[in-house]
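Inspection log for the structure reproduced underneath, given as structure tokens.
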Amino acid sequence: MSTEVSTDKYNAVRQDIIKAFPKEDYDDGSFAPVVLRLAWHASGTYDKNHKDGGSDGATMRFKAEAEDSANAGLEVARGVLEPIKAKHQWITYADLWTLAGCVAIEHMGGPHIPWAGGRRDKNNEMDCPPIGRLPDGALGKDHVIDVFITRMGFTVQETVALIGAHTVGRCHRDRSGFEGPWTETPTRFSNQFYKQLLTQTWTEKKWDGPRQFEDEDGDLMMLPTDMALLEEPFRPYVELYAKDKQKFFEDFAAAFLKLIELGVNRRARL
Ligand code: HEM
């Protein structure tokens with residue numbers, strides 16, 4: 001297949017992705033948040049030292065990676081995109097999943113991400129990255145630094161910007177063990193996550209579940225890794241993004257593009 005696929009073809013895929021998002025009886029009425037999470041988890045396995053993992057290859061198609069407990073629930077997102085893959089067979093899963101994440105962000109009112117295609121699908125389960133690379137929400141600041149800065153190669157600022165994606169979506173008890181949304185507008189991409197983080201009084205939820213935090217009403221939640229952003233060296237960027245939505249959008253767009261490009265080698269033979 002030629003790599004010279006016309007922009008029109010991508011536009012047709014974009015339109016079909018947008019059409020697949022609304023679903024009245026699912027969560028908050030949209031698959032967009034879970035599709036965004038798929039793009040992140042497909043990419044967030046990258047290791048800059050081993051130079052493996054990342055979105056190129058779409059290895060989450062294979063059981064080993066699909067069954068990583070961190071990926072619980074992402075079969076929903078892959079399922080939503082499957083008919084689009086069937087209709088536009090020329091696009092690779094690796095391109096479709098990352099493109100769909102970008103379309104989800106924009107569809108929810110977030111910034112445009114200048115996505116580029118050219119990823120290929122790996123066809124061997126042996127190519128799956130090691131299980132356990134994705135972050136564990138129950139841990140703290142050192143873990144966030146290990147995963148985002150040491151392993152993936154992001155800066156402190158990029159790390160804070162990326163985790164701001166928790167402005168959309170929610171946790172599901174039967175997927176991660178955590179429960180609830182981060183904001184009152186879980187299908188609207190904004191800087192609400194940082195505002196909530198700074199202005200609510202967060203206390204540990206008393207329940208028979210993993211350690212998480214809740215606001216005074218018990219409606220909103222934060223993971224321990226989200227709370228870690230209130231500490232140095234992250235906190236100044238939380239304060240910046242809470243005040244300046246435009247700056248958040250610009251930094252998020254750049255960091256998300258970097259995330260979905262990690263390990264993408266358009267010349268390599270797969
Ligand atoms: C320390 C880093 C992170 C941790 C520990 C973490 C953890 C989690 C957990 C536990 C959930 C709930 C899953 C469920 O129960 O369905 C979740 C959801 C989500 N995460 Fe993260 N995450 C991190 C970073 C990110 C990043 C960088 C992005 C995107 C750029 C992202 C996007 C999302 C989205 C959109 C959802 C909502 C999914 C839905 O509504 O189904 N997360 N995350």
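Since we're looking at a predicted model, the values are computed, not measured. All ligand and atom numbering here is 1-based and tracks the order in the structure.
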Look at the aromatic rings of W182 and H166 and report parallel, tilted or perpendicular, splitting at 30° and 60°.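 Parallel.
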Can you tell me which residue and heavy atom of the protein come closest to [atom], and the distance to 0.1 Å?
atom                    : answer
atom 9 (C) of ligand 1  : R37 NH2, 3.5 Å
atom 41 (O) of ligand 1 : H172 CE1, 3.3 Å
atom 29 (C) of ligand 1 : A165 CB, 3.3 Å
atom 40 (O) of ligand 1 : R170 N, 3.0 Å

Please list, in number order, the atoms of ligand 1 under 4.0 Å from a heavy atom of [X].
X    : answer
P33  : 35 (C), 38 (C), 40 (O)
G137 : 5 (C)
G169 : 37 (C), 40 (O)

Can you find a heavy atom in the side chain of F256 that is under 4.5 Å from one in the side chain of C102?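 F256 reaches C102 side chain to side chain.
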Run the salt-bridge test on R14 and D16 with the 4.0 Å N-O cut-off and return the result as yes or no.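 Answer for the salt bridge query: no.
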Check ion pair R119-D56 (N to O, under 4.0 angstrom):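 No, no charged N to carboxylate O under 4.0 Å.
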Apply salt bridge (charged side-chain N to carboxylate O under 4.0 Å, His left out) to residues D52 and R133 and explain how you reach the verdict. CA-CA 11 Å; D52 60 8; R133 282 191 179 172; 2.8 Å; yes
Is NZ or CZ of K85 both nearer than 6.0 Å to the six-membered ring centre of Y93 and within 45° of the ring axis?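 Flagged: K85 positioned over aromatic ring of Y93.
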Would you please indicate if the ring centroids of Y26 and F21 are separated by under 6.0 Å?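 No.
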Taking the six-membered ring for Trp and the full ring for Phe, Tyr or His, determine whether the centres of F252 and W40 are under 6.0 Å apart.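 Here the rings of W40 and F252 have centres that are no less than 6.0 Å from each other.
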Which option, A70, C171, A255, P135, owns the non-hydrogen atom nearest atom 3 (C) of ligand 1?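 Among A70, C171, A255, P135, the closest heavy atom to atom 3 (C) of ligand 1 comes from P135.
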Among W40, F31, F256, which one puts a heavy atom closest to atom 25 (C) of ligand 1?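 Minimum heavy-atom distance to atom 25 (C) of ligand 1 goes to W40.
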Check each heavy atom of L223 against ligand 1 and say whether those closer than 4.0 Å belong to the side chain, the backbone, both or neither.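 Under 4.0 Å from ligand 1, L223 contributes side-chain atoms alone.
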Checking contacts here: is it the side chain or the backbone of F189 that comes within 4.0 Å of ligand 1, counting heavy atoms only? Could be both or neither.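 Within the 4.0 Å criterion, F189 makes no contact with ligand 1.
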Sub-3.5 Å donor-acceptor pair from the side chain of R61 to the main-chain atoms of A58, do we have one?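 Yes, R61 side chain to A58 backbone: donor-acceptor pair under 3.5 Å.
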I'd like to check whether T225 has a polar contact with ligand 1, where a contact means an N/O of the residue lying under 3.5 Å from an N/O of the ligand.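 Between T225 and ligand 1 (N or O atoms, distance only) the closest approach is not under 3.5 Å.
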S176 to ligand 1: N or O pair under 3.5 Å?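 Yes: some nitrogen or oxygen of S176 is under 3.5 Å from one in ligand 1.
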Minimum-distance atom from atom 21 (Fe) of ligand 1 among N, O or S atoms of H166: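 Nearest N/O/S atom of H166: NE2.
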